[in-house]
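Step one of this worksheet: look at the structure below.
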Amino acid sequence: MGPFTLAIDAKKSLMVVSDSSNRKIQNAQLGQRNLFASISTREEKEFNFLRVLFEGIVAGGTAGVVVETALYPIDTIKTRLQRGLELDPHLLIGKSLMDPDSPHVQAVRGGGQIVWKGLYSGLAGNLAGVLPASAIFVGVYEPTKQKLLQMFPENLTAVAHLTAGAIGGLAASLVRVPTEVVKQRMQTRQFASAPDAVRMIVSKEGFKGLYAGYQSFLLRDLPFDAIQFCIYEQMRIGYKLAAKRDLNDPENAIIGAFAGALTGAITTPLDVIKTRLMVQGSANQYNGVIDCVQTIVREEGPSALLKGIGPRVLWIGIGGSIFFGVLESMKRALSQRRPSSPDQHSDGLKQD
């Protein structure tokens, strides 16, 4: 009986050890599942809509003001080249602008000659619109992007970036369009100051005059915003995977420059159409987008749709470098000022 009992006890002992091992493995697997669940839950808790919105507004507004101030003269040259038409001096405000031989009136004579005076004309009024427009765009883009990235699988991150860029551009257009109308009317010397421009536009064209070319603006800016931010974000993802580290400010700036220049070149025809519709004023030379394209091609040739492509690519390329460099720097600075907690990453806003 002894050996048999010993054999049974050994078998039972072996079964107990086996069961214990299985329980340990199951507990370990369960622990791993719980770990991933806690990580997922913690990431969801980290997505604080109001915080991300606030940081996006501050970072976007700062980046927008910096880049607009730095590159405003190039934008003025681009607008005057694209305008390509002689201005009616009777539309101009102020005695110094009434002389048809004035250099201001000659700003865009000869289908693309450049006058170097007044390159910062309308900057102050434009900044009053750029600040809230940039703040609104990034403030909407960042939380929208993060929410879409949580919803979409990893292989559809580009769709999330495209969609977030378009939504941000649509929200910002409510401020961007009036700002752009006033800025371009002043750049082509139709008005002496931003308040004069707003007052005269509203009195002659009504409130809708401030949204002249709105459809063409959306036609240009929604694709532009979506494409530029998608290229930028996707290049950052690829670079980070290759480098296996976070990007520094110069690297963000270089990627931003490439994304901006490429997108600017692609959307130049849309920008020409938008500019012509916005600066025509009450003359109503063009009856919508299609008529504008047909008139330009018929009277000036297809190459006119690429007017100003050089300054535009230069302006947006350099602007993309400055904008994204300042934007990422500001986002990082703001994330470092958050209250620290054990469960909180130090990385701030989700970038990918």
Side-chain angles (χ1 to χ4, degrees), residues 39-40 42-43 46-47 51-52 55-64 66-67 70-71 134 137-169 221-268 312-338 344-352:
I39 291 175
S40 176
R42 184 169 68 247
E43 286 180 350
E46 282 181 355
F47 178 66
R51 186 193 67 211
V52 175
E55 292 180 359
I57 288 174
V58 174
T62 303
V66 171
V67 71
L71 300 179
S134 300
F137 177 85
V138 181
V140 172
Y141 172 79
E142 283 294 337
T144 302
K145 176 188 73 173
Q146 294 194 28
K147 194 64 179 177
L148 291 175
L149 287 173
Q150 291 179 355
M151 297 169 55
F152 291 177
E154 291 185 1
N155 61 339
L156 293 179
T157 57
V159 178
H161 295 141
L162 281 169
T163 306
I167 293 174
D221 272 46
L222 292 190
F224 178 89
D225 291 332
I227 294 172
Q228 182 187 30
F229 274 78
C230 180
I231 293 175
Y232 172 74
E233 297 278 14
Q234 292 297 307
M235 288 186 66
R236 289 187 75 249
I237 291 175
Y239 194 102
K240 288 172 68 175
L241 289 175
K244 298 181 180 179
R245 60 174 175 80
D246 290 332
L247 279 65
N248 54 40
D249 290 340
E251 290 168 335
N252 288 323
I254 292 173
I255 293 175
F258 179 82
L262 180 59
T263 310
I266 294 172
T267 58
T268 294
R312 175 173 169 78
V313 170
L314 176 65
W315 166 56
I316 297 180
I318 300 175
S321 174
I322 298 173
F323 180 84
F324 285 110
V326 174
L327 179 67
E328 298 297 341
S329 178
M330 284 296 300
K331 285 163 60 176
R332 184 174 61 255
L334 289 170
S335 68
Q336 291 173 352
R337 294 175 61 88
R338 297 175 187 171
Q344 195 173 37
H345 293 292
S346 62
D347 191 23
L349 291 173
K350 186 178 179 181
Q351 301 295 324
D352 296 340

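Scope of the values below: all heavy atoms of this structure, side chains included, with no hydrogens, waters or symmetry mates.
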Gap between atom [atom2] of [Y] and atom [atom1] of [X] - 0.5 Å precision:
{"X": "H161", "Y": "L148", "atom1": "NE2", "atom2": "CG", "value": "9.0 Å"}
{"X": "I167", "Y": "Y141", "atom1": "CD1", "atom2": "OH", "value": "11.0 Å"}
{"X": "D249", "Y": "E328", "atom1": "CG", "atom2": "CD", "value": "8.0 Å"}
{"X": "L149", "Y": "Q146", "atom1": "CG", "atom2": "CD", "value": "7.5 Å"}
{"X": "T163", "Y": "K147", "atom1": "OG1", "atom2": "NZ", "value": "15.5 Å"}
{"X": "K240", "Y": "E251", "atom1": "NZ", "atom2": "CD", "value": "11.5 Å"}

Item to check | E233 vs T157, side chain to side chain contact (heavy atoms under 4.5 Å, CB included): CA-CA, chis, key distance, verdict | outcome: CA-CA 9 Å; E233 297 278 14; T157 57; over 6 Å; no
So [Y] and [X], do their side chains get closer than 4.5 Å, heavy atoms only?
{"X": "V326", "Y": "V67", "result": "no"}
{"X": "L247", "Y": "R236", "result": "yes"}
{"X": "R332", "Y": "S329", "result": "yes"}
{"X": "I322", "Y": "V66", "result": "yes"}
{"X": "V138", "Y": "F323", "result": "yes"}

Checklist entry - With sequence neighbours left out, what residues match I254 under side chain to side chain contact (heavy atoms under 4.5 Å, CB included)? => result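 I254 satisfies side chain to side chain contact (heavy atoms under 4.5 Å, CB included) with no other residue.
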If you look at every heavy atom in [X] and [Y], which pair is closest and at what distance?
{"X": "I255", "Y": "M235", "answer": "CG2-CB, 3.6 Å"}
{"X": "E55", "Y": "L334", "answer": "O-CD1, 3.5 Å"}
{"X": "A59", "Y": "K331", "answer": "CB-CG, 3.9 Å"}
{"X": "V313", "Y": "A261", "answer": "CG1-CB, 3.9 Å"}

For residues 221-231, please give each side-chain donor-acceptor pair under 3.5 Å, one per line with the distance, not counting sequence neighbours.
{"from": "D221", "atom 1": "OD2", "to": "R176", "atom 2": "NH1", "distance (Å)": "3.3"}
{"from": "D225", "atom 1": "OD2", "to": "R176", "atom 2": "NH1", "distance (Å)": "2.8"}

Next on the checklist: If you count heavy atoms of other groups shown closer than 6.0 angstrom to CZ of R337, is the number above 12?
Outcome noted: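 Counting neighbours around CZ of R337, 12 or fewer heavy atoms of other residues, nucleotides or ligands fall under 6.0 Å, so no.
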Checklist entry - For F152, does the CZ atom have more than 12 heavy-atom neighbours from other residues, nucleotides or ligands under 6.0 Å away? => result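 Check passes, neighbour count above 12.
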Checklist entry - For G264, does its backbone N or O pair with a side-chain atom of T268 as donor and acceptor, under 3.5 Å? => result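 Judged by distance alone, yes, a pair lies under 3.5 Å.
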